[in-house]
Amino acid sequence: MAFWTRKTGDTLATVNEETTVSIGLPLEQGETPTISLISGELPQGLRIKGYNIIGTPFEVGYSKTSTFVLRATSGTNCEDRTYRITVLPN
């Protein structure tokens with residue numbers, strides 16, 4: 001069973017600092033797994049809510065890329081993907 005629609009290592013988004021965002025997670029339509037952050041960190045100011053990464057990235061002095069691993073779990077099935085989000089200074 002495949003949960004993710006994008007391959008590991010992809011950049012999910014490039015966003016501007018201090019700008020509120022909602023980034024949809026790349027999940028197969030109709031799938032409703034539990035999502036958890038199992039390694040790395042989201043950019044400061046962002047968090048997972050449902051099937052989105054939401055929030056307002058903190059100010060950065062330079063372009064900063066965060067790499068993290070998300071796990072999608074449903075019953076006995078699970079899939080991990082490594083993704084990136086880049087925050088740009090204004």
Side-chain angles (χ1 to χ4, degrees):
M1 171 176 285
F3 295 118
W4 302 104
T5 59
R6 293 182 64 178
K7 65 184 182 353
T8 200
D10 278 359
T11 296
L12 289 184
T14 299
V15 300
N16 291 317
E17 66 184 7
E18 300 179 320
T19 302
T20 301
V21 297
S22 179
I23 304 162
L25 295 176
L27 293 165
E28 288 287 346
Q29 194 166 9
E31 295 293 335
T32 56
T34 299
I35 304 298
S36 54
L37 177 68
I38 63 167
S39 181
E41 294 181 354
L42 296 173
Q44 289 187 340
L46 299 185
R47 62 187 170 89
I48 297 170
K49 183 173 182 183
Y51 300 117
N52 295 288
I53 296 174
I54 65 166
T56 305
F58 290 2
E59 182 177 351
V60 294
Y62 52 89
S63 176
K64 184 175 180 186
T65 299
S66 296
T67 302
F68 51 91
V69 180
L70 298 178
R71 174 169 287 166
T73 307
S74 181
T76 59
N77 299 313
C78 80
E79 272 189 351
D80 300 341
R81 289 290 186 273
T82 300
Y83 290 123
R84 294 180 183 89
I85 295 175
T86 299
V87 179
L88 302 174
N90 286 329

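Below, all heavy atoms of this structure are taken into account, side chains as well, without hydrogens, waters or symmetry copies.
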Indicate, with yes or no, if F68 and Y51 share a hydrophobic cluster defined by side-chain heavy-atom contacts under 4.5 Å among Ile, Leu, Val, Met, Phe, Trp and Tyr.
yes
Which pairs would a plain distance check flag for residues 82-90, meaning a side-chain donor or acceptor within less than 3.5 Å of a matching protein atom at least two apart in sequence or in another chain?
unit_1 : atom_1 : unit_2 : atom_2 : d
Y83    : OH     : R6     : O      : 2.7
R84    : NH1    : G9     : O      : 2.4
T86    : OG1    : T65    : OG1    : 2.8
N90    : ND2    : E17    : O      : 3.2

Nearest heavy-atom contact between F3 and S74 is CZ-CB, 3.6 Å
Is there a path from L70 to I54 through hydrophobic residues (I, L, V, M, F, W, Y) whose side chains come within less than 4.5 Å of each other?
no
Transitive ILVMFWY side-chain link V69 to I48, under 4.5 Å
no
Heavy-atom side-chain contact between R71 and S36 under 4.5 Å:
yes
Reported OG1-to-CD distance for the pair T56 and Q44, which is rounded to 0.5 angstrom:
13.0 Å
Donor-acceptor pair, side chain of T5 and main chain of P26, under 3.5 angstrom:
yes
Which distance, rounded to the nearest 0.5 Å, do you find between the CZ of R81 and the CG of L27?
10.5 Å
What about L25 and L37, same hydrophobic cluster or not, with Ile/Leu/Val/Met/Phe/Trp/Tyr joined at side-chain heavy-atom distances under 4.5 Å?
yes
Could you measure the distance from the CH2 atom of W4 to the CG atom of D80? Nearest 0.5 Å is fine.
9.0 Å
Using side-chain heavy atoms (C-beta onward) and a distance below 4.5 Å, is S66 in contact with L42?
no
Between I35 and A72, what is the shortest heavy-atom contact and its length?
CD1-CB, 3.8 Å
